[in-house]
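Note that the structure is predicted; figures quoted are calculated from it, not measured.
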Amino acid sequence: MLAVHEHENQLIQLVRDGDLSAWGELIQIHQDRLYNSILRVVGHPDRARDVVQDAFIQAIEKFSRFDGKSQFSTWLYRIAFNRAMTMYRRQKGEVSLDVAREKVGDETMATSQDQPEDRVLNSELVDEVHQALEQLTAEHRAVMILREIEGCEYEQIAEILDISIGTVRSRLHRARAEMRRLLRVYFEQPPGNDS
């Protein structure tokens, strides 16, 4: 992991020195993961591509302001998530994770040992999770995506979303509670099964 950060730091220095090919390499490093995260926020592939493209354009325009105190990815995610949250709020009524799921694919991992009924249940649960995520507020959705899907630490989420760590914890707690409520049928034990 250290070698990856060293390589990224070298690319950042090359960009500072005016090497635009290094900027292209930075884009390649981050574009797929950033796109997948933003897609979950805005819910539509074309909008997600627009947000990511805008984020990279803003990042190059504001590159002189990147001070290196945080990781480049954190700084870039902050730009992209700000843009995505604005778009999500503006077009909330049009968001469809069904379209996003068609483009990205279900995230179920079927192994050769899975039974057909297990794959059906996994697929059904993925659909339900996507629908539940769609019902969260933009703020709760962003925190859930960054923590549960991207695996970001609280400090990184706070920096990306420009909120306090306490607000991250509060929003995450509320988002998880809402997801449990929305997905309660999957968390309830069937009657007579007290294991």
Side-chain angles (χ1 to χ4, degrees), residues 1-89 97 100-101 103-109 129-130 133 136 138-172 175-176:
M1 188 74 162
L2 185 58
V4 172
H5 289 300
E6 287 177 16
H7 179 65
E8 190 171 276
N9 289 338
Q10 290 171 348
L11 291 172
I12 289 167
Q13 188 54 52
L14 287 170
V15 171
R16 285 193 169 122
D17 294 340
D19 184 346
L20 291 181
S21 66
W23 180 250
E25 198 170 335
L26 279 173
I27 289 173
Q28 286 182 343
I29 289 170
H30 294 286
Q31 70 183 356
D32 290 342
R33 190 169 177 193
L34 184 61
Y35 169 80
N36 287 328
S37 293
I38 297 303
L39 179 59
R40 288 180 175 94
V41 174
V42 298
H44 191 277
D46 292 336
R47 291 183 191 133
R49 276 190 285 281
D50 289 346
V51 168
V52 171
Q53 185 177 8
D54 287 351
F56 282 120
I57 290 169
Q58 283 185 2
I60 196 68
E61 288 172 353
K62 298 177 179 182
F63 196 76
S64 62
R65 296 185 209 165
F66 176 63
D67 57 14
K69 290 180 183 173
S70 64
Q71 291 180 9
F72 177 76
S73 60
T74 302
W75 182 75
L76 180 61
Y77 268 61
R78 183 174 185 179
I79 293 169
F81 265 77
N82 283 338
R83 177 74 181 109
M85 298 293 282
T86 301
M87 180 179 283
Y88 177 81
R89 286 184 193 111
L97 278 175
R101 200 167 37 255
K103 298 292 184 186
V104 174
D106 287 341
E107 294 168 14
T108 57
M109 298 287 288
V129 168
H130 282 292
L133 266 174
L136 297 179
E139 291 80 11
H140 291 159
R141 189 179 204 186
V143 171
M144 282 292 287
I145 290 166
L146 288 169
R147 179 66 182 166
E148 304 300 344
I149 296 172
E150 290 298 319
C152 294
E153 298 296 326
Y154 288 7
E155 294 81 8
Q156 197 175 13
I157 297 169
E159 190 169 344
I160 290 169
L161 298 178
D162 195 24
I163 56 178
S164 71
I165 292 175
T167 302
V168 170
R169 287 190 174 111
S170 173
R171 286 183 185 175
L172 190 57
R176 286 175 175 159

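- Residues Arg171 and Met144 have side chains not in contact (no heavy-atom distance under 4.5 Å, counting atoms from C-beta outward).
- A donor-acceptor pair shorter than 3.5 Å can be found between the side chains of Asp17 and Gln13.
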task = Begin from the C-alpha positions of Ser70 and Glu159 and carry the test side-chain hydrogen bond (donor to acceptor under 3.5 Å, both in side chains) through to its verdict.
result = CA-CA 9 Å; Ser70 64; Glu159 190 169 344; 2.9 Å; yes
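- Using a 4.5 Å heavy-atom threshold, the side chains of Ile12 and Arg16 count as touching.
- You'll find the side chain of Ile60 reaches within 4.5 Å of the side chain of Val15, heavy atoms only.
- Side-chain atoms of Phe81 and Ile38, non-hydrogen and from C-beta on, do get closer than 4.5 Å to each other.
- At least one side-chain heavy atom of Trp23 sits under 4.5 Å from a side-chain heavy atom of Leu26.
- The distance from atom CZ of Arg33 to atom CG of Leu76, rounded to the nearest 0.5 Å, is 11.5 Å.
- The structure places CD of Gln31 at 10.5 Å from CD of Gln53, a figure rounded to the nearest 0.5 Å.
- Between Leu146 and Tyr77, some side-chain heavy-atom pair lies under the 4.5 Å cut-off.
- The backbone N or O of Lys69 lies less than 3.5 Å from a partner atom in the side chain of Asp67, making a donor-acceptor pair.
- Between atom CD of residue Glu25 and atom NE2 of residue His7 there is a gap of 3.5 Å, rounded to the nearest 0.5 Å.
- Inter-residue side-chain proximity for Leu161 and Thr167 is flagged as unmet; no heavy-atom pair is nearer than 4.5 Å.
- Distance CD/Gln156 to CZ/Arg78: 12.5 Å, rounded to 0.5 Å.
- Here the closest heavy-atom approach between residue Cys152 and residue Ile160 is recorded as SG-CD1, 4.4 Å.
- For the residue pair Ala158 and Ser164, the shortest heavy atom distance occurs at CB-C, 4.1 Å.
- In this structure, Arg83 contributes its side chain and Val51 its backbone to no donor-acceptor pair below 3.5 Å.
- Between the side chains of Glu150 and Ser37, at least one donor N or O sits under 3.5 Å from an acceptor N or O.
- Aromatic ring pairs are classed by plane angle as parallel below 30°, tilted from 30° to 60° and perpendicular above 60°; the pair His30 and Phe72 is tilted.
- Here the straight-line distance linking atom CG of Asn9 with atom CG of Leu14 works out to 11.0 Å at 0.5 Å rounding.
- The CD1 atom of Ile27 lies 10.5 Å from the CG atom of Leu34; values are rounded to the nearest 0.5 Å.
- The existence of a salt bridge linking Asp50 and Arg47 is excluded, since no basic side-chain nitrogen approaches an acidic carboxylate oxygen closer than 4.0 Å.
- Between Arg141 and Val41, the closest heavy-atom pair is NH1-O, 2.8 Å.
- Between Phe63 and Trp75, the two ring planes are perpendicular [angle over 60°; tilted spans 30° to 60°].
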